[in-house]
Amino acid sequence: MIEFILNNNKIKTDKPNGSLLVDFIREHQHLKGTKIGCREGDCGACTVLVGESKKGKMEYQQIPSCLTPMGNISNKHVVTIEGLNMESLSPVQQSFVAESGTQCGFCTPGFVVALSQYCLSHKASNYDNAIASMSGNICRCTGYKPIEKTALHVTKALKNKDTDQTIQWLVDHKYIPTYFNAIPKRLSELKKEIKKETSGILVGGGTDLYVQKHEHLIDLEVDLISDRPDLKYIKIDDYTFYLGSALTVTDLLESKAFCGIFSKLSKQMKLISSAMIRNVSTLAGNFVNASPIGDMTAFFIALNARIILSNHKTTRTILLKDFYKGYKDLDLSKNEILTEIQIDIPKVNGHFNFEKVSKRTHLDIASVNSAALIIEKNGIIEKAHISAGGVGPIPLYLEKTSNYLQGKALTKEVIIEANEILQSEISPISDIRGSEKYKRLLLRQLFFAHFIELFQINLLG
Amino acid sequence: MKNIDSKGHVTGKSIYLDDIPTIQGTLYAAVYSSPSAHGIIQSVDYSKALALFGVEKILTFDDIKGENQIGGIFPDEELLAEKEVHFQGQPIAVVIAKSESIAFKARKLIEIDILEKEVIIDAREAQKKGQLIMPPRIFKSGNLDLAWSVCEYIFEGRASSNGQEHLYLETQGAYAIPLENGNIKISSSTQGPTAVQRAAAKVLDVGMHNIEVDVVRLGGGFGGKEDQATPWAIMAAMGVQILNKPVKLILSRMDDMKMTGKRHPYDSDYKIGLSKDFKILAYEVHFYQNAGAAADLSPAVLGRTLFHATNAYHIPNTRLTAYSCKTNLPPNTAFRGFGGPQGMFVIEAALAHAAKKLKISTHILQKKNLLKTGDEFPYGQIAEGVVLNKLWSDLDSKFDLKAVENRIHNFNQENTYSKKGFSLMPIAFGISFTKTPMNQARALVHIYSDGTVGISTGAVEMGQGVNTKMLQIAASSFGIHPNKVKLETTNTTRVANTSPTAASATADLNGKALLKACTALLERLKNSVAIKFDVNIDNVSFENDLVYIDNVPTEMTWEQLVDQAFLERVCLTENGHYATPIINFDMETQKGHPFAYHVFGLALTEVTVDCLRGTYEFDAVKIIHDFGKSMNPSVDMGQIEGGLVQGMGWMTLEEIRYNKEGRLLSNTLSAYKIPDIYAVPKEIIVYPVETEGSEMAILKSKAVGEPPLMYGIGAYFAIDKAVMAFNPNAKLEMSAPFTAEKVLMGLY
């Protein structure tokens with residue numbers, strides 16, 4: 001039995017935990033405001049909110065209900081557009097009307113729900129965050145300008161939001177219905193999911209698995225890892241970050257410690273999927289999916305990350321770059337699970353950069369991505385770790401290039417020479433994301449970009 | 001007035017096809033389609049699928065009682081393939097089951113054996129092999145051969161534009177339910193209810209009167225549901241005919257992308273001749289339209305390419321030849337602009353090419369050749385009410401083109417890895433269906449005895465706000481509050497024999513019909529007042545829900561008047577019929593006056609290219625647009641901005657890819673990218689220009705649906721300029737979309 005609160009109603013259901021939230025909402029609960037546009041997390045028409053009580057505060061995130069297994073909302077508060085409706089329109093809804101932010105209307109409930117998440121956050125209002133809240137929502141009619149105006153309108157209206165008492169303030173100002181106040185108490189009264197015998201299939205956020213095998217998974221009981229506290233932590237000591245494998249990208253972005261070291265993280269992560277996918281997709285999921293273009297994989301390979309693999313009996317540690325043996329072929333035995341990621345904290349003279357180019361800059365799969373960690377002292381490269389995605393059957397650690405750079409001076413000539421080596425250790429193929437020739441050229445450019453971004457080296461002149 | 005559907009949309013209460021409450025016993029259908037792009041079906045084994053628990057029936061061509069034919073213009077397209085398949089995704093069978101997931105599972109169990117035949121995906125190759133949908137269509141004007149001899153400059157080249165996925169957020173679908181006596185009601189997400197009704201009757205071998213088609217609204221159409229909503233509706237109706245149970249068929253996104261046609265890719269050879277002072281004297285083009293595997297609307301789309309081949313320019317001598325080429329792709333279809341954008345892209349490419357060679361700015365050539373009132377289009381219509389020169393000077397005075405040019409030049413001097421470019425894009429777009437008989441519409445108005453009003457027209461609401469405009473017409477005609485007026489669903493039993501909601505003309509046609517109906521009702525009501533108060537009928541008017549005499553309010557309310565009229569047995573229902581006057585076209589001579597009027601506009605686009613990574617961002621698009629007298633500025637503005645961004649998507653990000661075997665590779669939203677909120681220009685400014693409008697436009701408010709899409713073409717040429725600023729030697733093919741890949745390959 002899975003118990004959760006859907007809008008203002010307590011739900012108990014014996015649906016398989018691998019079945020999808022969107023189908024439960026639409027077909028079982030007959031709440032038709034949540035739409036189906038793509039079933040792959042790429043349009044946002046099915047956006048709903050999921051709320052949990054964390055440190056006494058309700059934290060709401062926007063998620064794609066088309067990729068969310070029912071088990072992942074156990075004991076949580078799910079809010080659909082119907083759950084935001086009141087007798088009169090909320091300021092978010094009013095703004096969409098006033099600014100003509102809706103035409104055919106099919107995407108609109110998703111946008112309204114996503115922008116409502118921005119209202120519900122405990123951060124001070126900020127226009128960029130308002131837009132970011134809707135980064136996973138696609139509209140084919142308006143050209144987005146009226147939606148930008150709506151975001152501006154709402155941002156201004158939230159200027160005096162009390163971020164210590166966010167929910168109460170929003171209730172008082174009629175952004176959300178009053179029932180929101182009682183949710184924390186009602187959630188605490190729900191019974192924990194009683195585990196049934198499962199198929200043994202591991203599922204994190206589901207953002208890749210449900211795109212690939214949705215028809216296969218919806219009837220199954222699966223092993224969900226997203227809410228396992230033993231896999232969801234960030235620990236830090238003098239030299240190392242210890243990251244639970246079920247952490248999401250959003251978790252990293254919310255970590256002051258992590259952002260303290262990676263100061264450009266939010267800019268870099270903006271290039272990776274959308275706010276709503278970042279909310280649910282796990283690091284382990286990205287690594288295990290073994291996509292040659294996995295963005296987080298490229299990111300962590302360049303950090304020379306170690307991963308901890310354990311089964312019931314033993315635990316072993318390997319480098320992430322050694323995890324990949326061939327296309328979608330992992331150094332992972334049957335009962336093993338990826339539990340932790342460890343990275344050494346880059347020293348003061350360690351410089352990190354992440355680059356990605358895709359057809360569409362945001363919410364798109366990379367044509368090529370690359371990350372670089374360069375330890376530099378007095379103009380000499382002490383150590384370099386360069387990764388690249390989209391240029392081979394697996395996420396690549398550019399071993400030869402990295403080795404070549406070690407001990408070399410940071411000069412234009414060295415970098416150009418390094419590119420020659422780089423070109424020899426990649427094997428891109430022509431596909432929908434670009435021709436082989438393009439990918440080679442693009443990786444050269446991104447490789448150069450690391451040095452231009454980090455050291456302002458002029459490579460053109 | 002804001003779009004009347006807004007409140008329903010923002011609360012999620014608006015009903016789309018898949019939201020219609022299902023009747024108990026409803027069955028669900030999934031379409032089984034050809035895995036091969038061209039071949040002969042040897043055998044299909046349905047036995048495993050049929051054995052799956054919950055499968056009720058698998059429909060094939062054998063189950064068709066009437067004609068297995070859905071071709072609209074030419075009868076060349078089967079509903080369900082019988083012997084030969086012509087594209088991957090061509091429907092062969094329909095699995096009907098107790099649930100959608102059972103239907104999908106069963107579909108996977110079908111086994112097929114196909115004898116493969118040669119696959120053609122390229123239009124030129126098809127043309128070479130004589131694979132044409134119809135004979136080439138040619139427009140001629142002046143004396144081209146003579147004109148070449150007096151040209152100072154002649155440039156020849158090739159330009160191509162790719163297709164475009166409609167990507168309406170709501171996929172195709174239909175829900176058919178049995179009525180008594182063998183009648184069937186189909187709820188369809190279609191722009192053409194009559195097209196669905198007509199085709200369904202033919203396939204089911206029943207009369208059109210046996211089929212009722214109802215449309216609440218569409219979650220986007222953009223032309224993709226003009227002709228191609230039909231097959232799914234018929235399949236659902238076939239299920240009803242055979243099983244006598246309700247059948248729902250909703251395409252998954254992947255099915256939709258795989259099975260439906262898109263904007264036509266075009267490849268073209270152009271030759272343009274200029275005088276010494278840069279007047280275009282001669283223009284010759286061969287257009288190769290990739291029609292896909294069946295005609296669908298391709299012949300009509302091809303026509304509009306020819307009509308707009310010279311865009312907003314006057315060119316006295318032309319020969320424009322267009323081939324509709326038959327390939328093994330899904331039949332391509334209507335898409336906002338309907339072939340017009342493809343024609344305009346080529347003339348803009350030719351001008352950009354000429355300007356590069358002449359080492360001048362393209363806009364000098366553009367301005368020099370702008371169309372003027374009295375100029376003749378290659379198809380014989382004389383241009384009227386042309387305001388292009390005024391638009392140009394308005395734009396110049398507002399934004400100072402010289403200053404823009406200098407600013408961009410200076411930026412490019414100062415920046416190494418970042419270059420800017422700008423372009424101008426004028427448009428002249430003809431309004432009317434180019435097939436003259438389609439320019440008719442009807443509206444049915446009921447005034448209920450309590451004074452409220454119900455309106456039915458042939459217009460389909462798909463986000464463009466046509467229902468809002470209809471409501472405005474009725475409310476303002478009767479002088480009553482808009483909340484007394486209701487727009488009914490679009491239904492073939494209330495308004496019959498409709499043209500599809502298309503060609504930007506729907507508000508004009510249906511609005512004019514509605515206005516006629518309202519005017520007739522007004523006359524009767526005024527007459528009733530005139531008798532009661534013993535005044536002349538001309539002295540009676542209605543405003544603010546009151547009866548006015550000599551412009552002075554009386555105590556008589558609208559409700560009292562309607563009540564009185566009802567008791568007097570005045571007919572409170574009226575059917576208005578409108579057919580656009582004047583327009584004509586002679587297919588023999590390819591001359592005539594096909595358009596009621598033209599819409600004009602001009603866009604200035606600025607882009608910044610990241611020359612390190614090959615990516616780009618649009619700084620601004622500034623538009624001067626001829627709305628006539630807009631009857632709803634907020635609705636019309638939405639069409640301009642939305643159309644622009646859709647056009648920019650076609651020119652930049654949106655890349656349809658098929659492999660050699662005719663399989664769609666860009667078959668999901670993760671592989672086919674339309675603009676997101678970060679991809680749009682940082683600034684879009686739209687200035688309306690004050691013009692008289694046209695008498696042929698509803699309330700002089702000019703049609704606005706398609707024209708703005710073509711402003712997006714400017715995006716291509718702005719990027720082209722920026723790339724050239726970085727690499728003046730770039731050998732760029734004129735080939736849209738200008739993806740990040742093409743940019744980087746052009747930069748280095």
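Quick caveat, the model's predicted, so the values are computed rather than measured. Just so it is clear, the values below take in all heavy atoms, side chains as well, and ignore hydrogens, waters and symmetry mates. In what follows, chains are A, B, ... by sequence order, proteins preceding strands, each numbered from 1.
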Q: Is the shortest distance from a Lys or Arg side-chain nitrogen in B:Lys105 or A:Asp219 to a carboxylate oxygen in the other one below 4.0 Å?
A: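 Salt bridge: yes.
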
Q: A:Val357, A:Ile138, A:Asp364, A:Ile365: which one forms the most heavy-atom pairs within less than 4.5 Å of chain B?
A: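 The answer is A:Asp364.
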
Q: What I'd like to find out is whether the side chain of B:Leu169 reaches to under 4.5 Å of the side chain of A:Cys43, using heavy atoms alone.
A: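 Counting from C-beta outward, B:Leu169 and A:Cys43 do come under 4.5 Å.
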
Q: Looking at B:Glu654 and A:Arg140, is any side-chain nitrogen of the basic one under 4.0 Å from a carboxylate oxygen of the acidic one?
A: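 Judged by the 4.0 Å cut-off on N to carboxylate O distance, A:Arg140 and B:Glu654 do form a salt bridge.
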
Q: Under 4.5 Å from any heavy atom of chain B, what part of A:Leu84 do you find: side chain, backbone, both or neither?
A: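 Contact with chain B: none, neither part.
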
Q: Considering only heavy atoms and a distance below 4.5 Å, find which of B:Thr416, B:Ile15, B:Leu653 pairs most often with chain A.
A: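 Top option by heavy-atom pairs under 4.5 Å: B:Leu653.
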
Q: Counting only non-hydrogen atoms closer than 4.5 Å, does B:Lys108 touch chain A with its backbone (N, CA, C, O), its side chain (CB onward), both, or neither?
A: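 Just the side chain, heavy atoms under 4.5 Å.
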
Q: Taking the side chain as every heavy atom from C-beta outward, state whether A:Tyr438 and B:Met745 have any pair of such atoms under 4.5 Å apart.
A: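 When only atoms from C-beta onward are counted, B:Met745 and A:Tyr438 do touch, with a gap below 4.5 Å.
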
Q: With respect to chain B, which residue among A:Arg39, A:Glu148, A:His30, A:Glu355 yields the maximal number of heavy-atom pairs within a distance under 4.5 Å?
A: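 With the most close heavy-atom pairs to chain B, the winner is A:Glu355.
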
Q: Closest heavy-atom contact between B:Leu612 and A:Gln445?
A: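 Closest approach of B:Leu612 to A:Gln445, heavy atoms only: O-NE2, 2.7 Å.
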
Q: Relative to chain A, which segment of B:Pro681 carries a heavy atom at a distance below 4.5 Å: side chain, backbone, both, or neither?
A: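 When you check distances to chain A, only backbone atoms of B:Pro681 fall under 4.5 Å.
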
Q: When heavy-atom pairs shorter than 4.5 Å are enumerated against chain B, which of A:Ala98, A:Gly110, A:Cys139 gives the highest number?
A: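 Highest number of pairs under 4.5 Å: A:Ala98.
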
Q: So which of A:Lys439, A:Gln94, A:Glu27, A:Lys270 has the largest heavy-atom pair count under 4.5 angstrom toward chain B?
A: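 If we count pairs closer than 4.5 Å to chain B, A:Lys270 comes out on top.
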
Q: If I measure from the heavy atoms of chain B, does A:Thr34 come under 4.5 Å with its side chain, its backbone, both, or neither?
A: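 For A:Thr34, neither part sits under 4.5 Å from chain B.
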
Q: Could you tell me if the side chain of B:Ile677 sits less than 4.5 Å from the side chain of A:Ile131, heavy atoms only?
A: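 Yes; the side chains approach each other to less than 4.5 Å.
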
Q: Within a strict 4.5 Å, meaning less than it, do heavy atoms of the B:Lys2 and A:Ser100 side chains meet?
A: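 Side-chain contact under 4.5 Å: yes.
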
Q: As an exercise, state the distance from OG1 of A:Thr108 to NE2 of B:His9, rounded to the nearest 0.5 Å.
A: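 Reported to 0.5 Å precision, the distance equals 6.0 Å.
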
Q: Short question: side chain of A:His362, backbone of B:Ala679 - any donor-acceptor pair under 3.5 Å?
A: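 No.
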
Q: Please report the interatomic distance CD1(A:Ile218) to OG(B:Ser101), rounded to the nearest 0.5 Å.
A: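 Answer for the CD1-OG pair, A:Ile218 versus B:Ser101, is 5.0 Å.
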
Q: Is chain B contacted by the side chain of A:Lys359, its backbone, both, or neither, given a heavy-atom distance below 4.5 Å?
A: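 Contact with chain B is through both the backbone and side chain of A:Lys359.
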
Q: Stepwise, does the salt bridge (Lys or Arg N to Asp or Glu O under 4.0 Å) test hold for B:Lys13 with A:Glu82?
A: CA-CA 8 Å; B:Lys13 290 176 183 167; A:Glu82 290 85 356; over 6 Å; no

Q: Please report the closest heavy-atom contact between A:Ser135 and B:Tyr678, naming both atoms and the distance.
A: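 Closest heavy-atom pair between A:Ser135 and B:Tyr678: CB-CE1, 3.7 Å.
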
Q: Could you give me the CA-CA distance, side-chain angles and deciding distance for A:Leu441 and B:Tyr748, then say whether side-chain contact (heavy atoms from CB on, under 4.5 Å) is met?
A: CA-CA 8 Å; A:Leu441 175 61; B:Tyr748 296 94; 4.1 Å; yes

Q: Out of B:Val645, B:Asp256, B:Asn3, B:Ile674, return the one with the most heavy atom pairs under 4.5 angstrom to chain A.
A: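 Ranked by heavy-atom pairs under 4.5 Å with chain A, first place is B:Ile674.
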
Q: Find the distance between CZ (B:Arg613) and NZ (A:Lys356) and round it off to the nearest 0.5 Å.
A: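 Taking CZ in B:Arg613 and NZ in A:Lys356, the distance rounds to 13.5 Å.
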
Q: Return the minimal non-hydrogen interatomic distance between A:Pro109 and B:Gly12, and the atom names on each side.
A: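 Closest heavy-atom pair between A:Pro109 and B:Gly12: CG-CA, 3.8 Å.
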
Q: Shorter than 4.5 Å, heavy atoms on both sides: which option in A:Cys104, A:Gly143, A:Gly33, A:Ser367 has the most such pairs with chain B?
A: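 Of the options given, most contacts go to A:Cys104.
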
Q: Against chain A, work out which of B:Leu644, B:Asp18, B:Thr739 has the most heavy-atom pairs shorter than 4.5 Å and name it.
A: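 Option with the greatest count: B:Asp18.
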
Q: Could you tell me how the ring of B:Tyr16 sits relative to the ring of A:Phe106: parallel (under 30°), tilted (30 to 60°) or perpendicular (over 60°)?
A: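 Plane angle over 60°, so perpendicular.
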
Q: For chain A, which residues from residues 634-641 of chain B lie under 4.5 Å away (heavy-atom distances)?
A: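 Checking residues 634-641 of chain B against chain A gives B:Ser634, B:Gly638, B:Gln639, B:Glu641.
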
Q: Just so I understand: if I count every heavy-atom pair under 4.5 Å between each of B:Thr615, B:Thr668, B:Thr171, B:Asp5 and chain A, which residue has the most?
A: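 Sorted descending by pairs with chain A, the first entry is B:Thr668.
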
Q: So how far is it from B:Ser252 OG to A:His214 NE2, rounded to the nearest 0.5 Å?
A: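 One finds 9.0 Å between OG of B:Ser252 and NE2 of A:His214.
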
Q: Quick one: which of B:Gln646, B:Met648, B:Glu617, B:Met462 has the most heavy-atom pairs under 4.5 Å with chain A, could you say?
A: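 Counting heavy-atom pairs under 4.5 Å, the top option is B:Gln646.
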
Q: Given a strict heavy-atom distance threshold of 4.5 Å, which part of B:Lys673 is in contact with chain A: side chain, backbone, both, or neither?
A: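 The answer is both parts of B:Lys673.
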
Q: What part of A:Ala151 lies closer than 4.5 angstrom to a heavy atom of chain B: side chain, backbone, both or neither?
A: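 Interface part for A:Ala151: neither.
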
Q: If you count heavy-atom pairs within less than 4.5 Å of chain B, which of A:Arg360, A:Glu40, A:Lys32 leads?
A: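 Highest number of heavy-atom pairs under 4.5 Å: A:Arg360.
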
Q: What verdict does the side-chain contact (heavy atoms from CB on, under 4.5 Å) test give for A:Ile452 and B:Tyr417, after you've listed the backbone C-alpha separation in whole Å, the side-chain angles of each residue and the deciding distance to 0.1 Å?
A: CA-CA 10 Å; A:Ile452 292 168; B:Tyr417 291 120; 3.3 Å; yes

Q: For the pair B:Arg253 and A:Asp42, find out whether any cationic side-chain nitrogen is under 4.0 Å from an anionic carboxylate oxygen.
A: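 Answer for the salt bridge query: no.
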
Q: Could you have a look at B:Gly614, B:Gly463, B:Gly642 and say which one has the most heavy-atom pairs with chain A under 4.5 angstrom?
A: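 Most pairs with chain A among the choices: B:Gly463.
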
Q: Where does A:Val97 contact chain B at under 4.5 Å (heavy atoms): side chain, backbone, both or neither?
A: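 Both backbone and side chain of A:Val97 come within 4.5 Å of chain B.
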
Q: Do the side chains of A:Lys35 and B:Glu170 get close enough for a salt bridge, i.e. N-O under 4.0 angstrom?
A: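 Not counted as a salt bridge, because no side-chain N and carboxylate O are separated by less than 4.0 Å.
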
